Amino acid sequence: MKNHPFHLVDKSPWPLLGSLSTFILLMGMIKWFSLNSSNLLIMGILLTKLIMYQWWRDVTREGTYQGLHTMKVTKNLRWGMILFITSEILFFAAFFWAFFHSSLSPNIELGLNWPPKGVSTFNPLEIPLLNTLILLTSGLTITWAHHSMMENDYTQSTQGLFLTLLLGFYFSLLQGFEYMEASFTMADSVYGATFFMTTGLHGLHVIVGSSFLTICLIRLLMNHFSSSHHFGFEAAAWYWHFVDVVWLFLYISIYWWGG
């Protein structure tokens with residue numbers, strides 16, 4: 001028994017095992033890039049997914065069944081998520097800095113021109129505009145799901161969350177198609193490097209956000225959330241809105257202005 005509202009976590013093997021699986025994953029990527037062998041990469045992905053499942057399972061048990069996520073703990077979790085999103089904003093700021101540093105004053109190697117001579121950029125009114133509309137719509141559907149949950153309307157909350165997942169999946173498909181149709185690569189000067197690093201990093205965040213929302217949909221169908229106790233879903237919604245806002249900056253600066 002305890003006489004305080006804080007959650008002192010039990011000993012867990014998942015942080016150490018998660019670090020080791022991530023190390024194997026990164027080594028597998030290096031082996032894949034260098035030797036064109038994907039066996040270590042596949043093993044790293046499978047190990048990471050297995051540990052993610054078991055770690056998230058334990059956190060779900062603590063918050064849903066054991067009652068360890070008190071109001072005080074939830075408040076601290078909110079601050080943790082806010083600080084995490086802040087760190088992600090600064091992470092993207094570094095890539096935007098590299099893009100604007102190169103584009104506002106192109107050097108002699110770029111032909112004093114931006115985009116560099118010979119680079120054929122994307123039409124911002126085609127797939128990029130469609131992806132913008134998709135993400136903005138997904139922001140509406142995740143808000144619909146959140147407000148429905150707060151009003152105990154779990155039918156509409158499930159519908160909104162499912163539509164958000166469909167839109168996120170469609171966005172990833174379109175971005176993959178866009179990459180396959182690109183006339184330039186990451187090796188094509190600083191334009192190719194900053195374009196693929198920034199948009200690819202955002203695409204990775206969309207996949208991560210879709211994974212978060214998939215877990216939330218499963219938990220919603222299992223009645224893990226209530227109108228007053230659903231921080232796991234709320235944190236995923238915050239993350240998704242962050243992805244939406246970053247894409248707006250990406251579209252305006254890289255696709256429209258930078259192209």
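Bear in mind that the values here come from a model prediction, so they are computed numbers and not experimental data.
Not a single ring-ring contact (aromatic ring centres under 6.0 Å, His included) links W256 to another residue, sequence neighbours left out. Under the ring-ring contact (aromatic ring centres under 6.0 Å, His included) criterion, Y154 pairs with no residue, sequence neighbours left out. By the ring-ring contact (aromatic ring centres under 6.0 Å, His included) test, W144 pairs with no residue at all, sequence neighbours left out. Under the ring-ring contact (aromatic ring centres under 6.0 Å, His included) criterion, H146 pairs with H230, F233, not counting sequence neighbours. The salt bridge (charged side-chain N to carboxylate O under 4.0 Å, His left out) test applied to R78 returns E234, not counting sequence neighbours.
When atom types are taken as modelled, the side chain of Y239 and the backbone of M81 share no donor-acceptor pair closer than 3.5 angstrom. Side-chain atoms of W14 never come within 3.5 Å of backbone atoms of I51 as a donor-acceptor pair (strictly under, hydrogens ignored).
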Check against side chain to side chain donor-acceptor pair (under 3.5 Å), N36 and K31: CA-CA 7 Å; N36 198 27; K31 184 179 180 182; over 6 Å; no
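The other members of the hydrophobic cluster of F169, by chain and number, are L173 (side-chain heavy atoms under 4.5 Å, ILVMFWY only). Taking a 4.5 Å side-chain heavy-atom cut-off between Ile, Leu, Val, Met, Phe, Trp and Tyr, the cluster of L136 extends to L248. In this structure, M222 belongs to a hydrophobic cluster whose other members, linked by side-chain heavy atoms under 4.5 Å apart, are I218. Other residues sharing the hydrophobic cluster of F6, ordered by chain and number and joined by side-chain separations under 4.5 Å: none, the residue standing alone.
Sequence neighbours left out, not one pair with a member in residues 19-39 passes ring-ring contact (aromatic ring centres under 6.0 Å, His included). Among residues at least two apart or in separate chains, side-chain hydrogen bond (donor to acceptor under 3.5 Å, both in side chains) pairs with a member in residues 162-177 are T141-T164.
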Side-chain atoms of residues 196-217: list all donor-acceptor pairs with protein atoms under 3.5 Å, sequence neighbours left out, distances to 0.1 Å.
unit_1	atom_1	unit_2	atom_2	d
T198	OG1	T194	O	2.7
T199	OG1	Y179	OH	2.7
T199	OG1	F195	O	2.6
H202	NE2	V243	O	3.0
H205	ND1	L201	O	2.8
H205	NE2	E88	OE1	2.2
S210	OG	V206	O	2.8
S211	OG	I207	O	3.0
T214	OG1	S210	O	2.7

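A tilted orientation is assigned to the rings of W247 and Y255, their planes being inclined by 30° to 60°.
For the pairing with I134, the side chain to side chain contact (heavy atoms under 4.5 Å, CB included) check across T132, L130, T137 returns one residue only, L130.
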